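Report on one structure; see the data block that follows.
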Amino acid sequence: MTTPEPADRVLARASLAEGNPTGWFDQLYTAAARGEAEVPWTRGQPGIDLTAWAAEHPGGGRRALVVGSALGDDSELLAAHGWAVTGFDVAPTAVAAARARFPESTVDYVVADLLDPPPAWHHAFDLVVEIMNIQAMPRDFRPTALKSLASFLAPGGTAIVCEVAEENMDMANWQSPPWPFSRPEIESTAQDGVRLLTLDTIRDGARYWATFTR
Ligand SMILES: C[S@@+](CC[C@H](N)C(=O)[O-])C[C@H]1O[C@@H](n2cnc3c(N)ncnc32)[C@H](O)[C@@H]1O
């Protein structure tokens, strides 16, 4: 007997075959809301790496943008540390679920696409958090996504970029999504006046954790 393929893989394959890099996310969240699928990246709590970072970087009312805010855990974490947070996701069902989970939240949850973001976000954020989202789109979309990411950062701000580190993965047997990052790809966030501050590996080399400023 073969194990059925997880819903995220089935939906991603169909969406990508139609040339749509992001359509499957909302389909997956919708199926999960009906109890018909699992969203593999939901943990019900903020990521441990961002939790450690946030503890040492209080926001003091400064503006933060969380890319791919999913069900809201990372956005709520930053809000609890004093950041004025906008969290955005391309999946309307995820945005609705985040609002429903945190009805008293100060976070502004917004439906938006990193590949075509609102112009008002240009140089508007003191903190930009990108964790494991750009790698969830095929590589062709990477330059556009990274250009958007860099554009959000205000002068003197910090951008965090965390993705799976290709150099430490068995790429010969890898099944995408996600599409892991090379070191030069992470570094290429530094564009249009943005510069690299630090580039480390975390989780035993499995992920890059890079910080940038403008
Ligand atoms: C793999 S999940 C990661 C979620 C979260 N950042 C984390 O670390 O667990 C990718 C998330 O990004 C969202 N997403 C994918 N492409 C996007 C895009 N182009 N613009 C905005 N959100 C996007 C998906 O809907 C999904 O919620």
Side-chain angles (χ1 to χ4, degrees), residues 25 29 39 41-114 117-136 145-163 186 189-203 207-214:
F25 292 106
Y29 283 114
V39 180
W41 52 84
T42 57
R43 304 166 298 264
Q45 54 190 11
I48 53 171
D49 313 298
L50 188 63
T51 299
W53 186 92
E56 298 191 350
H57 298 85
R62 288 174 293 166
R63 290 193 69 189
L65 183 68
V66 175
V67 181
S69 49
L71 301 187
D73 296 283
D74 286 352
S75 300
E76 295 299 320
L77 168 80
L78 292 172
H81 282 86
W83 293 91
V85 181
T86 299
F88 79 97
D89 203 291
V90 75
T93 307
V95 170
R99 289 182 186 140
R101 282 182 78 206
F102 304 105
E104 308 296 326
S105 180
T106 61
V107 175
D108 186 17
Y109 288 107
V110 177
V111 178
D113 187 349
L114 180 63
W121 290 357
H122 188 76
H123 290 199
F125 295 93
D126 305 298
L127 174 63
V128 177
V129 176
E130 156 52 32
I131 299 180
M132 317 280 279
N133 308 301
I134 297 177
Q135 66 169 32
L146 290 173
K147 187 176 176 202
S148 293
L149 197 67
S151 79
F152 299 146
L153 193 59
T158 301
I160 293 170
V161 183
C162 176
E163 316 283 350
I186 286 277
T189 305
Q191 53 180 285
D192 182 31
V194 169
R195 64 179 198 281
L196 179 67
L197 287 175
T198 62
L199 174 51
D200 300 306
T201 54
I202 57 171
R203 306 210 185 184
R207 296 182 190 177
Y208 294 119
W209 182 273
T211 61
F212 299 84
T213 192
R214 178 189 298 286

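Worth saying up front: this structure is predicted, and the values here are computed from it rather than measured.
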> With no hydrogens and no angle check, is any side-chain donor or acceptor of R62 less than 3.5 Å from a backbone partner on P58?
Replying inline: yes
> Can you find a heavy atom in the side chain of E163 that is under 4.5 Å from one in the side chain of I134?
Replying inline: yes
> According to the side chain to side chain donor-acceptor pair (under 3.5 Å) rule, which pairs have a member within residues 65-74, sequence neighbours left out?
Replying inline: D73-R101
> Would you say T189's side chain and L146's backbone share a donor-acceptor pair under 3.5 angstrom?
Replying inline: no
> If you round to the nearest 0.5 Å, how far is SG of C162 from CD of E130?
Replying inline: 8.5 Å
>> I'd like to check the side chain to side chain donor-acceptor pair (under 3.5 Å) partners of Q135; sequence neighbours left out, ordered by chain and number.
In response: none
> By side chain to side chain donor-acceptor pair (under 3.5 Å), which residues pair with H123, not counting sequence neighbours?
Replying inline: R214
> Is there a donor-acceptor pair under 3.5 Å between the side chain of N133 and the backbone N or O of V67?
Replying inline: yes
> With sequence neighbours left out, what residues match R63 under side chain to side chain donor-acceptor pair (under 3.5 Å)?
Replying inline: none
> Can you name the nearest heavy-atom pair linking S75 to G87, along with the distance?
Replying inline: OG-CA, 3.9 Å
>> I need the single residue from V194, L127, L114 that forms a side-chain contact (heavy atoms from CB on, under 4.5 Å) with F152. Which is it?
In response: L114
> Residues two or more places apart in sequence or in another chain: which of them pass ring-ring contact (aromatic ring centres under 6.0 Å, His included) with F88?
Replying inline: W121
> Do the side-chain N and O atoms of T158 and T211 include a donor-acceptor pair separated by under 3.5 angstrom?
Replying inline: no
> With no hydrogens and no angle check, is any side-chain donor or acceptor of D126 less than 3.5 Å from a backbone partner on G157?
Replying inline: no
Side-chain donor/acceptor pairs under 3.5 Å, residues 76-83, sequence neighbours excluded:
from, atom 1, to, atom 2, distance (Å)
E76, OE1, S105, OG, 3.3
E76, OE2, S105, OG, 2.6
E76, OE2, Y109, OH, 2.5
H81, ND1, L77, O, 3.0
W83, NE1, H57, O, 3.0

> What's the spacing between K147 NZ and D192 CG if we round to 0.5 Å?
Replying inline: 8.0 Å
